[in-house]
Amino acid sequence: MNLHRKGRAALVLALVAVVGMAFRVSWNALRDIAGAVGADTTAAMLYPFVVDGLMALALIATLVLAGRDRAFALRVLGAYTIASLVLNYVHGLVPELHGRTVDWGRLAEWDPANWALVLLATSLPVGSIYFGSDLVAKVLHHRPAPTPAESANAEKSTETDRKRSTADLPVSTPAPITPNAVALPRPVAVGFLKSTLPAKPSPSIAPAPVASIERRAVAAESTRPRRATGRVPEAAKPTRPKRTPEQLLAEARKATADWPDAKVTGEGIRRAIHTSPANARSLRDTLLAERAATAVEVA
């Protein structure tokens, strides 16, 4: 691991040295070009940093950014690399630039080519201000996406969940059941109305006995199914007699006689003798206590 780090450090130092030497070679050509387009001595000395320096900044931004911002940094890097190459090529073609004897603002004999080269050389500093500021802002506002921490060779977790049976769980109080109270309509008394029409006098007739109408409440219809409430009919109750604690203990002893201690659980006793979870837990504790006492006596 240490050798690997040393190799990477040596490679980085070698690359920095190569880039530095290449910058020195390009610096001479760009300085002469800047002097030919009207820059003074100080500006001509700083001109190579404007062009090749922005190339280095765009390269760093390419390594940091992602997506569309990275594509933008690559375009800036490519454009300034081509511009630096063109200016270095012109510097090699025009020997007068080496001794600074060329006319001021004259980089080529053909006028359209000269205009294009002067425009290129003078626009690079302005482009460096714009593109450099934009790249710095993108790098400062960049938020790298979180990388997943899980790896393909991650160790499996050794944590296991212990499943407990229903009889081994603590007793919980069931939630109270609230009856579904439905307001019943009030019964309406039905009477007999007398006729308001005048009638002829007729002999009195004894009225026939009329059975009184029984008032009874009618349950309102509900769309929701109601829970069965009230007492269980005798026919629905189990016919098996209720066993005493002594009988349950005897049955549990008989059922678990050949069981190991690890198998004596509340759930196992409940299934074996068909009793409630509370009784099964009590029988479990009693049987384990008896076995412990027997083991002590034997020892």
Side-chain angles (χ1 to χ4, degrees), residues 6-145:
K6 290 183 178 179
R8 292 179 60 183
L11 178 61
V12 171
L13 292 177
L15 290 176
V16 170
V18 171
V19 171
M21 290 184 289
F23 174 77
R24 175 62 183 86
V25 175
S26 178
W27 177 82
N28 191 30
L30 295 179
R31 181 198 59 183
D32 294 342
I33 292 290
V37 296
D40 57 9
T41 305
T42 304
M45 294 287 290
L46 296 177
Y47 187 81
F49 294 97
V50 173
V51 181
D52 294 342
L54 183 64
M55 293 168 54
L57 176 62
L59 178 60
I60 296 174
T62 303
L63 299 176
V64 174
L65 300 175
R68 298 178 59 183
D69 295 339
R70 184 180 184 184
F72 173 76
L74 284 174
R75 286 194 294 267
V76 173
L77 175 61
Y80 269 72
T81 301
I82 294 174
S84 180
L85 175 62
V86 170
L87 295 180
N88 278 269
Y89 178 70
V90 171
H91 183 266
L93 288 179
V94 182
E96 290 80 2
L97 291 173
H98 304 171
R100 300 186 182 181
T101 59
V102 68
D103 295 337
W104 193 6
R106 195 70 184 176
L107 298 178
E109 296 294 336
W110 189 39
D111 289 340
N114 181 65
W115 298 337
L117 291 175
V118 172
L119 177 62
L120 175 63
T122 54
S123 61
L124 288 178
V126 180
S128 295
I129 296 174
Y130 174 75
F131 294 119
S133 302
D134 194 9
L135 288 175
V136 170
K138 291 181 184 298
V139 170
L140 293 179
H141 290 83
H142 177 65
R143 295 293 182 271

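Index from 1, following the sequence.
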Which residues satisfy the side chain to side chain donor-acceptor pair (under 3.5 Å) test with Y47, sequence neighbours excluded? none
Donor-acceptor pairs under 3.5 Å, side chain of residues 49-60 to any protein atom, not counting sequence neighbours: which ones?
| from | atom 1 | to | atom 2 | distance (Å) |
| --- | --- | --- | --- | --- |
| D52 | OD1 | S84 | OG | 3.2 |
| D52 | OD2 | S26 | OG | 2.9 |

What pairs with A116 under side-chain contact (heavy atoms from CB on, under 4.5 Å), at least two apart in sequence or on another chain? none
Side-chain heavy atoms of L117 within contact of V86, under 4.5 Å: yes
Looking only at heavy atoms, which two atoms of H91 and N28 are closest? And how far apart? NE2-O, 4.2 Å
Result of checking T122, L120, V126 against L124 for side chain to side chain contact (heavy atoms under 4.5 Å, CB included): L120
Which heavy atom in R31 sits nearest to a heavy atom in P48, and how many Å separate them? N-CG, 3.9 Å
What residues, two or more places apart in sequence or in another chain, satisfy side chain to side chain donor-acceptor pair (under 3.5 Å) together with T62? none
Can you name the side chain to side chain donor-acceptor pair (under 3.5 Å) partners of D134, sequence neighbours left out? none
Between side-chain atoms of residues 72-79 and protein atoms elsewhere (two or more places apart, or another chain), which donor-acceptor pairs fall under 3.5 Å?
none

Between S123 and L119, what is the shortest heavy-atom contact and its length? OG-O, 2.8 Å
Compare every heavy atom of H142 with every heavy atom of L65, then report the nearest pair and how far apart it is. CD2-CB, 3.8 Å
How far apart are the closest heavy atoms of A121 and I33, and which atoms are they? CB-CG2, 4.0 Å
